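Heads up, the thing below is written out as C-alpha cells.
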Number of protein chains: 2
Amino acid sequence: MSRASDRAYAAIRNMILAGELPAGTQLGEEALAEKCGVSRTPVRDALRRLESDMLVVRTDTQRSFVAEWSLHDVRDAFDLRAMLEGYAARRAAERMTADSLGRMRAANAQIAQAVALPRPDVGAFLEGNRLFHAAILEAAGSRRLVAQLGSLVEQPVVWRTAHHYGPDALHRSWSEHEELIAAFARGDGAWAEGIMRSHILRAYHAYADAHRGLSAAKPGPALSGNGAMTAHLIEVAA
Amino acid sequence: MSRASDRAYAAIRNMILAGELPAGTQLGEEALAEKCGVSRTPVRDALRRLESDMLVVRTDTQRSFVAEWSLHDVRDAFDLRAMLEGYAARRAAERMTADSLGRMRAANAQIAQAVALPRPDVGAFLEGNRLFHAAILEAAGSRRLVAQLGSLVEQPVVWRTAHHYGPDALHRSWSEHEELIAAFARGDGAWAEGIMRSHILRAYHAYADAHRGLSAAKPGPALSGNGAMTAHLIEVAA
DNA sequence: GGAGAGAATATTGTATACAAATGCCTCAGG
DNA sequence: CCTGAGGCATTTGTATACAATATTCTCTCC
C-alpha cells in the first residue's frame, strides 16, 4: 500500500503490540495522525485494517479503542486457525505439485539450518516458517482461504514465543514440517490435515504455557486484574 | 456506518450484482463518486469493503476492478462456509442456552409460516433464515467466527435462487432447521455439525443446478465464454 | 440530591484541492 | 515492423477545511 498509510498502520500496530497503548485506550484519529506524522486520511485507513485484524474495536458510534484480548480470545483464534490451516493442508495435499513441494522442502531446509546452529537463529527460523506455511496456502489454491487466513495469521496475532523456545522445541517444529512434507508427497489429505491441526494446537499450548509462566512470575501489565491482557510481542512458532 | 459511505457501498454493490458493471470493469473512484452523488472519500471506503467481500479486486498498483466469479470460486466459498458454519453449529450445540434455542424456534416458526402459504413468501422465508443462522452464530460465542463468516455469508454472495425454489425445497430447508434444533436441544455437537454441512452443501448444489439450467437455456451475460460469470442477484436458501 | 435539557467540546464523516504514481500514447531509433 | 524512452493523461494518495454527530458538562427544575 501507500507510504503514509503503511507507516501509520505499522506505527499504530507496534504501539499496540508493545503495550504502549494499553487495551481499552481510545484511539482518536487526530491524535494518532500527529503521533505518526501524517494526516487523518491515512490514519483512517490504518484503523480500518487494524479493526479487521481485531487489534482495534469500534463502538456503534464509530469510536475506536484498543481491543482487549483474553486468553479465551487467543484460544478462539488458534482453534479457527487450526481448522482453516488444517483444511488448507488437506487441499494442498490433494493438489500438490512438484514445484510447491520443492518450495516447502527449501523452506524447511532453511529452518533446519537455523535450528542446527549452536545458538538457533530465531529470525531465520520464523522467516522459513512463514515461507513454509505460505507455500501450503498457495498450493491449497483457494483465494478465499488466503483472505481468511491472512487476517488471522499474519496480522492479528504476532508474538515472540519462539524466542523462548529451546532448541528442542524448534527442532520439533521442523520435524512436524518434515512429516507434513511426507504427507504431501503421498497426496494424503487426511494425514496432512491431522498433522497440521496438532501442529497449530501445540503452538497454542506453547503460548499458553509461556503466558501462564509469565503471569505467575510477574503479574505486571501482561495480565490485568479481570483476566484481559494486552497483546504481547510474541511470535508463535508453528 | 455513515450515510454517504453506506449509500456508495450499496449502490456500487447493487450495480455489480445487477450486472450493470460486468466482471473486469475498471472501477475509477471519480466515476463512481459521480454516479453515487458523493465525493471520492466515501467511495474509497466502499471499495475497501467491496474488496473484502471479494466483489472487487485490486491490482498491485491499486486499481480496482469488478471481480470475476467462476463456478469454481462459488464452490470454494460454499466449501469454506460449510466448514465454518459446521464449526459454528458444533460450538453452538455445546453452549446452547434456552434463550438461543427459543430464538431459533421462533425463527423457524416464521419460516414455517412463510412456507405454508399457498404461494410461499420468499422474503419472509429469507428473513427467518437469516435470523436462524444468526442465532446459531451468536450461540457459538466466537467473535472471530462472526467476523470470518460475516464477510463470507452476508456480503459476498447474495443470489436469489430461493425464488426458483419450489415449496418442497423450501420445506426441506425448514425441515433441516428442525433437525438442527433437535441436535441443539440435545447438545450434540457432532450431529449439529453434520446437519449444517449438508444443509450448506445442498444449497450449493441447488445453486449449481439452477445455474447450469440457466446457462443452458440462455447463454447470455450470465456466463461468458471463458467460464467466468458475473455475480447474479440470487439468494441461496440454506 | 437526582434527572433531564441544552450548550460546549471533542470526534468522526465528507468534500475538495493538490501531490504522487501509474498507464498510455507517440515518436525516434534500430 | 518492433522496441523503448519520453511526455501527457488518468488515477490514486494525502492533506486540509468544514459539516455532522457524539459526548460531556452544567445548570435548571422537580
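What you see is a predicted model; the values in this text were computed from it and never measured. The chains referred to below are lettered A, B, ... by the order of the sequence lines, with proteins before strands, and numbering in each begins at 1. What you see below is based on every heavy atom in this structure, not just the backbone, and it leaves out hydrogens, waters and symmetry mates.
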Report task. Looking at every strand, decide which applies to L47(A) at a 4.0 Å heavy-atom threshold: base, sugar-phosphate, or nothing. Result -> nothing
Query raised in the report: So what does L27(B) touch, heavy atoms closer than 4.0 Å: a base, only the sugar-phosphate, or nothing?
Result: sugar-phosphate
Just the rounded figure in Å: distance from [atom2] of [N] to [atom1] of [X].
| X | N | atom1 | atom2 | result |
| --- | --- | --- | --- | --- |
| E30(B) | dT12(D) | CD | C1' | 10 Å |
| F65(A) | dA22(D) | CZ | C1' | 11 Å |
| R58(B) | dG23(C) | CZ | P | 13 Å |
| E29(A) | dT14(C) | CD | C1' | 12 Å |
| D45(B) | dG13(C) | CG | P | 8 Å |
| R49(B) | dG13(C) | CZ | P | 11 Å |
| D60(A) | dT11(C) | CG | C1' | 14 Å |
| R63(A) | dA22(D) | CZ | C1' | 4 Å |

[Y]/[X] salt bridge by N-O under 4.0 Å criterion:
| X | Y | answer |
| --- | --- | --- |
| D99(B) | R103(B) | yes |
| E30(A) | R40(A) | no |
| D6(A) | R13(A) | no |
| D73(A) | R144(B) | no |
| D53(A) | R48(A) | no |

Report summary line: Per nearest nucleotide of DNA chain D, the residue lying toward the 5' end, T61(A) or Q26(B), is Q26(B)
Every protein N/O lying under 3.5 Å from an N/O of nucleotides 15-18 of chain C:
unit_1	atom_1	unit_2	atom_2	d
dA15(C)	OP2	S39(B)	N	2.6
dA15(C)	OP2	S39(B)	OG	2.9
dA15(C)	N7	T41(B)	OG1	2.8

**Report entry** For R75(A), all residues meeting salt bridge (Lys or Arg N to Asp or Glu O under 4.0 Å), sequence neighbours excluded
**Finding:** D79(A)
Query - Q62(B) side chain near dG13(D) phosphate (N/O to OP1/OP2, under 4.0 Å) - result: yes
Query raised in the report: Under 4.0 Å between a side-chain N/O of R44(A) and OP1 or OP2 of dT12(C), yes or no?
Result: no
Query raised in the report: Mind checking what makes side-chain contact (heavy atoms from CB on, under 4.5 Å) contact with V57(B), not counting sequence neighbours?
Result: F65(B), A67(B)
